[in-house]
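Below you'll find the structure, written out as structure tokens, and then a few comments.
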Amino acid sequence: QVQLVESGGGLVQAGGSLRLSCAASGRTSASWTMGWFRQAPGKEREFVAAIRWNGGTPYYADSVRGRFTISRDNAKNTVYLQMSSLKPDDSAVYYCAAKPGVAVVTSGYDYWGQGTQVTVSS
């Protein structure tokens, strides 16, 4: 079993920055993929970014590329999402997710955190 706990959400003005953290515990390995998703009210959950524990090129949704950065600290079993130049449209509940394997990174995740709210005011 894998447990994921997100933190770092909050209220920020447009143009500001936030860093989300996702602490993972349980049975993960270097071959796993970690992802961030978000869901705004009335909208479907959407992929934001993904990274593999063993490194490699991170993946981003077009809507956040150039503004968000995903990174990992293997020693701390923690994945981060640094969000900059935030827009009101970025407001959503952000979820951390994990799955074994490194195939498709935009879907098929097995484990999810409880989510953390990000609100960007205009």
Side-chain angles (χ1 to χ4, degrees):
Q1 193 70 8
V2 174
Q3 294 79 41
L4 304 172
V5 178
E6 303 100 332
S7 61
L11 174 64
V12 64
Q13 289 188 333
S17 299
L18 278 176
R19 188 179 79 158
L20 306 182
S21 300
C22 172
S25 60
R27 189 174 55 85
T28 63
S29 72
S31 64
W32 281 49
T33 301
M34 303 296 294
W36 284 99
F37 290 76
R38 66 186 182 186
Q39 186 168 22
K43 296 185 178 181
E44 293 186 355
R45 186 170 58 196
E46 63 175 358
F47 169 78
V48 174
I51 195 169
R52 296 163 181 152
W53 278 124
N54 60 5
T57 303
Y59 298 85
Y60 298 97
D62 289 342
S63 58
V64 306
R65 186 175 290 111
R67 300 188 298 121
F68 290 11
T69 301
I70 188 171
S71 62
R72 77 213 188 283
D73 185 332
N74 293 49
K76 296 182 178 180
N77 279 349
T78 300
V79 176
Y80 303 98
L81 185 68
Q82 178 68 48
M83 305 184 295
S84 302
S85 302
L86 283 162
K87 307 174 183 178
D89 284 348
D90 294 319
S91 297
V93 177
Y94 282 70
Y95 298 91
C96 178
K99 67 172 184 177
V102 297
V104 177
V105 300
T106 58
S107 63
Y109 286 78
D110 299 306
Y111 301 95
W112 295 84
Q114 82 287 353
T116 184
Q117 177 71 48
V118 171
T119 303
V120 184
S121 63
S122 58

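All residue numbers in this chain count up from 1 along the given sequence. Because the structure is predicted, anything quoted here is derived from the model rather than measured.
- Side-chain heavy atoms closer than 4.5 Å link hydrophobic residues (I, L, V, M, F, W, Y) into clusters, and following such links, even through other members, never connects Val64 to Tyr80.
- No continuous path of hydrophobic side-chain contacts links Tyr95 to Met34 [ILVMFWY only; heavy atoms under 4.5 Å].
- Across all their heavy atoms, Ser121 and Leu11 have their closest contact at CB-CD1, 4.3 Å.
- Under the side-chain contact (heavy atoms from CB on, under 4.5 Å) rule, Ile51 has a single partner from Thr57, Thr33, Ile70, which is Ile70.
- Smallest separation of non-hydrogen atoms from Thr78 and Ser21: CG2-CB, 4.2 Å.
- Thr119 contributes no side-chain N or O that, together with a main-chain N or O of Ser91, makes up a donor-acceptor pair within less than 3.5 Å.
- From Glu46, atom CD reaches atom OG1 of Thr106 across 12.0 Å, with rounding to the nearest 0.5 Å.
- Side-chain contact between Lys99 and Val104: present, with at least one pair of heavy atoms (C-beta onward) separated by less than 4.5 Å.
- Identified under the ring-ring contact (aromatic ring centres under 6.0 Å, His included) test for residues 1-59, with sequence neighbours left out: Trp32-Tyr111, Phe37-Phe47, Phe37-Tyr109, Phe37-Trp112.
- The hydrophobic cluster containing Val79 also contains Val118, counting ILVMFWY residues as joined when their side-chain heavy atoms lie under 4.5 angstrom apart, directly or transitively.
- Neither Val105 nor Leu4 shares a network with the other; the hydrophobic side chains, linked directly or stepwise wherever heavy atoms of I, L, V, M, F, W or Y lie under 4.5 Å apart, form separate groups for each.
- In terms of modelled atom types and a separation under 3.5 Å, the side chain of Gln39 and the main chain of Ala92 share no donor-acceptor contact.
- Counting non-hydrogen atoms of neighbouring residues, nucleotides and ligands closer than 6.0 angstrom, the CZ atom of Arg27 reaches no more than 12 such neighbours.
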Side-chain donor-acceptor pairs of residues 83-90 under 3.5 Å, sequence neighbours excluded:
from, atom 1, to, atom 2, distance (Å)
Asp90, OD1, Arg38, NH1, 2.9
Asp90, OD1, Arg67, NH2, 3.0
Asp90, OD2, Arg67, NH1, 2.7
Asp90, OD2, Arg67, NH2, 3.4
Asp90, OD2, Lys87, N, 2.8

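- Cluster annotation: Phe68 and Val12 are assigned to the same hydrophobic cluster (Ile/Leu/Val/Met/Phe/Trp/Tyr, side-chain heavy-atom contacts under 4.5 Å, transitive).
- A distance-only check finds no donor-acceptor pair linking the side chain of Gln114 to the backbone of Val5 [under 3.5 Å].
- Taken to the nearest 0.5 Å, the OG1 atom of Thr116 stands 9.0 Å off from the CG atom of Leu18.
- For residues 69-122, the set of pairs meeting the disulfide (SG to SG under 2.5 Å) definition, not counting sequence neighbours, comprises Cys22-Cys96.
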